[in-house]
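Encoded as C-alpha cells, the structure appears first; notes follow it.
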Amino acid sequence: MTIDADTQKRLAGEAAAALVESGMRLGVGTGSTAAHFVRALAARMKDGLSVSGVPTSESTAALMRELGIPVLGLADIDTLDLAVDGADEADPDLALIKGGGAAHLREKVVARCAKRFVVIADGSKLVPVLGTFKLPVEVVPFALPAVLRELAGLGARCAVRVSKAGATVLTDNGNIVVDADFFPIDDPARLATRLDGIPGIAEHGLFVGMAERLIMGMPDGSVRTVFPRAR
Ligand code: 5RP
C-alpha cells in the first residue's frame, strides 16, 4: 500500500508533536506539513499538554488562534525550546530549500532563535542535491532590478513569483519573492554566503547547518528520521 503525500506529511507532523513537552516555547512553521504539526499539537493540548509558540506567518498565527494555541511574539521570548517547520528540499547534510510558502524570512529568524530545529516533510523532499525546487529569494521592492541583475550574474534564471490570478506575490513583510533556478546547488553554504552579501535581498531560502533532524512520513506508512550526514 502506498499512502499519499498529505498523509505522509500528517505522519511527520504527528511524530514532531510527540517530541514536544509541557512548558515548551515553540517556533511554529508554515505550510501544509507544519499545519499538520499544529493540529497534532492542538490534539495533545486537549489531553493536557501546555505549550505556546511563535508563528512564522500570519496564516500559521491564524491557525494557532483558531485551535487555541497561545501565540507569542519574539519580544516575549529569549530563546525557543524547539522550532518545527517544513521544507521544499533537503539534501543529505540537511541543507534545506525553504520558502515555497513565501515565509522563509520569518522561518529563518524563528529557527535561529530555537535551541533545536526539526524539519518535517513527506518522503519526496530528501534529494541528493538541492535546486530542482527553485530557490525562493525575498527581495525589497525598491531593489528588485538590481537584485535580478546580481542573481543573473551568479548564473540563476529568475522569475518574480505571481499568484494564479497573475498578481505579484507579496510576503507578510511586504516584499517580493523571486524564484531563482540555480540547479544544481553543489555547495549550498557558498551560495548562501554570496546571497547574504547582496544588498536588497531580505532573505533567501537556503537554510544551511540549522536542522537537527528531518522527520519524514514515507509512502509505505513508516516514519523515517534522518540526521545530517557525518563529515
Ligand atoms: C514555507 C515553507 C514550507 O515549509 C515549505 O514550502 C514546505 O511546504 P509544505 O509543507 O506545504 O510542503 O518553507 O515558506
Side-chain angles (χ1 to χ4, degrees), residues 3-17 26-41 53-64 80 82-91 94-114 117-127 130-139 159-164 169-181 185 188 192 195 201-208 210-219 223-224 226:
I3 61 170
D4 63 23
D6 190 59
T7 308
Q8 295 172 42
K9 292 177 181 192
R10 179 173 58 73
L11 291 174
E14 289 170 354
L26 303 171
V28 188
T30 294
S32 55
T33 320
H36 282 300
F37 169 70
V38 175
R39 286 189 282 269
L41 263 188
V54 178
T56 53
S57 62
E58 300 301 333
S59 60
T60 295
L63 182 62
M64 288 172 67
L80 295 164
L82 172 68
V84 176
D85 205 346
D88 299 298
E89 284 184 349
D91 77 6
L94 300 194
L96 312 173
I97 287 184
K98 288 185 50 54
H104 53 282
L105 187 156
R106 295 189 189 193
E107 291 171 337
K108 198 179 280 187
V109 170
V110 168
R112 172 84 177 201
C113 290
F117 177 42
V118 169
V119 179
I120 52 178
D122 64 87
S124 71
K125 302 288 181 70
L126 183 63
V127 296
L130 297 179
T132 301
F133 191 94
K134 293 181 182 52
L135 180 67
V137 180
E138 179 165 341
V139 180
V160 171
R161 194 180 297 181
V162 292
S163 68
K164 284 196 181 120
V169 168
L170 290 182
T171 69
D172 285 348
N173 316 303
N175 293 322
I176 290 166
V177 178
V178 172
D179 292 305
D181 186 352
I185 302 176
L195 296 174
I201 291 182
E203 195 50 84
H204 57 81
L206 280 173
F207 288 46
V208 182
M210 297 182 78
E212 171 203 284
R213 69 182 74 181
L214 166 66
I215 302 175
M216 289 184 295
M218 302 302 289
V223 173
R224 181 179 168 206
V226 176

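Bear in mind the structure is a predicted one, so any value in this text is a computation, not a measurement. Order of appearance sets the numbers: ligands from 1, and atoms from 1 within every ligand. Residue numbers start at 1 and run along the sequence shown.
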First-shell residues of ligand 1 [heavy atom, distance under 4.0 Å]: Lys9, Thr30, Gly31, Ser32, Thr33, Asp85, Gly86, Ala87, Asp88, Lys98, Gly99, Gly100, Gly101, Ala102, Ala103, His104, Glu107, Lys125

Mark yes or no for whether Asn173, through its side chain, and Asn175, through its backbone, hold a donor-acceptor pair below 3.5 Å. no

By the definition side-chain contact (heavy atoms from CB on, under 4.5 Å), identify the one residue from His204, Lys98, His104, Glu203 that meets it with Pro136. His104

All heavy atoms of Ala211 vs all of Val119, minimum pair found to be CB-CG2, 3.7 Å

Which atom of Asp88 lies closest to which atom of Gly99, heavy atoms considered: OD2-N, 3.2 Å

Using a strict cut-off of less than 4.0 Å between a Lys/Arg side-chain nitrogen and an Asp/Glu carboxylate oxygen, indicate whether Glu58 and Arg106 qualify as a salt bridge. yes

Test your reading of the model: is there a side-chain donor-acceptor pair from Asp85 to the backbone of Thr30, 3.5 Å cut-off? yes

